[in-house]
Amino acid sequence: QVQLEESGGGSVQAGGSLTLSCAASQTTLCMGWFRQGPGKEREGVASISYDAWTNYAVSVKGRFAISKDSAKNTLYLQMNSLKAEDTAMYYCAASLCSWYESRDWGLDDVTHSTYKGQGTQVTVSS
């Protein structure tokens, strides 16, 4: 079992920034973030491979950055230029996989990951 705990959510005005963190209980090669806004389906936001290959949703590319600190088993999501439409519950996601599988672990995989955190709310006011 992999336990994931997110932190860093909050309320900001449009144009502001937030950094989300996700502490994992063990090393996991397939990791990412997805979000779910009110009345919306899950949306894969970003994923990162064991060697830091990244994928981003078109809606956040250029504004969000996913990164990780493998020594600390911690995943991050730096969110800049936030918009009202970014308002959602953000979830850390992970699945056990090999290093080569992690490079193909895409945004759809993130939304169907084996392990998920409890989520952290991000609210952006316009």
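Just so it is clear, the values below take in all heavy atoms, side chains as well, and ignore hydrogens, waters and symmetry mates. Along the sequence shown, residues carry numbers from 1.
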Side-chain donor-acceptor pair under 3.5 Å between Glu101 and Ser95, yes or no? no

What residues form a salt bridge (Lys or Arg N to Asp or Glu O under 4.0 Å) with Arg103, not counting sequence neighbours? Asp51

Answer yes or no: is there a donor N or O on one side and an acceptor on the other, between the side chain of Trp33 and the main chain of Tyr76, under 3.5 Å? yes

Hey, does Asn73 have a side-chain heavy atom less than 4.5 Å from the side chain of Ser25? no

Could you measure the distance from the CG atom of Leu96 to the OG1 atom of Thr27? Nearest 0.5 Å is fine. 10.5 Å

The criterion is salt bridge (Lys or Arg N to Asp or Glu O under 4.0 Å); which residues satisfy it with Asp86, sequence neighbours excluded? Arg35, Arg63

Just wondering, are more than 12 heavy atoms of other shown residues or ligands nearer than 6.0 Å to CD in Gln118? no

Which heavy-atom pair separates Gly44 from Ala57 by the least distance, and what is that distance? O-CB, 3.4 Å

Between Glu6 and Cys22, is there a donor-acceptor pair closer than 3.5 Å when you use the side chain of the first and the backbone of the second? no

Applying the 4.5 Å side-chain criterion to the ILVMFWY set and letting contacts propagate, would Val124 and Phe34 be lumped into a single cluster? no

Set of ring pair (Phe, Tyr, Trp, His ring centres under 6.0 Å) partners for Tyr90, sequence neighbours left out: none

Check this for me: Glu41, atom CD, are more than 12 non-hydrogen atoms of other residues, nucleotides or ligands nearer than 6.0 Å? no

Starting from Leu20, can I reach Tyr115 by hopping between I/L/V/M/F/W/Y residues whose side chains sit under 4.5 Å apart? yes

Tyr50 (side chain) donor-acceptor with Cys97 (main chain) under 3.5 angstrom: no

How many angstroms lie between atom CG of Leu107 and atom OH of Tyr56, to the nearest 0.5 angstrom? 10.5 Å

Measure across Ser17 and Asn80 and return the closest heavy-atom pair with its distance rounded to 0.1 Å. OG-OD1, 3.0 Å

Checking Trp53 now: which residues fulfil ring pair (Phe, Tyr, Trp, His ring centres under 6.0 Å) with it, not counting sequence neighbours? none

Quick check for you: to the nearest 0.5 Å, what is the distance between Lys68 atom NZ and Leu77 atom CG? 14.5 Å

Closest approach of Leu18 to Leu82 (non-hydrogen atoms, all atoms of both residues): N-CD1, 3.9 Å

Applying side chain to side chain donor-acceptor pair (under 3.5 Å) to Thr19 and not counting sequence neighbours gives Gln78

If every non-hydrogen atom of Thr87 is compared with every non-hydrogen atom of Pro38, which pair is closest and at what distance? O-CD, 4.2 Å

Applying side chain to side chain donor-acceptor pair (under 3.5 Å), name anything that partners Ser126, two or more places apart in sequence or on another chain. none

In Å and rounded to the nearest 0.5 Å, what is the CD to OG1 distance from Gln3 to Thr28? 11.0 Å

Of the non-hydrogen atoms in Ser7 and Thr120, which two are nearest, and what is the gap between them? C-OG1, 4.4 Å

Test item: Leu4 and Met31 side chains (from C-beta on) under 4.5 Å apart, heavy atoms: yes

Beyond-backbone contact of Val45 with Val110, side-chain heavy atoms, under 4.5 angstrom: no

Would you say Asn55 and Trp105 make side-chain contact, with heavy atoms under 4.5 Å? no

To the nearest 0.5 Å, what is the distance between OH on Tyr91 and OG on Ser113? 11.5 Å

Heavy-atom pair with the smallest gap, counting every atom of Ser21 and Thr74: CB-CG2, 4.5 Å

How many angstroms lie between atom CZ of Phe64 and atom OG1 of Thr54, to the nearest 0.5 angstrom? 14.0 Å

A quick test of your reading: do over 12 heavy atoms of other residues, nucleotides or ligands sit less than 6.0 Å from CD of Glu85? yes

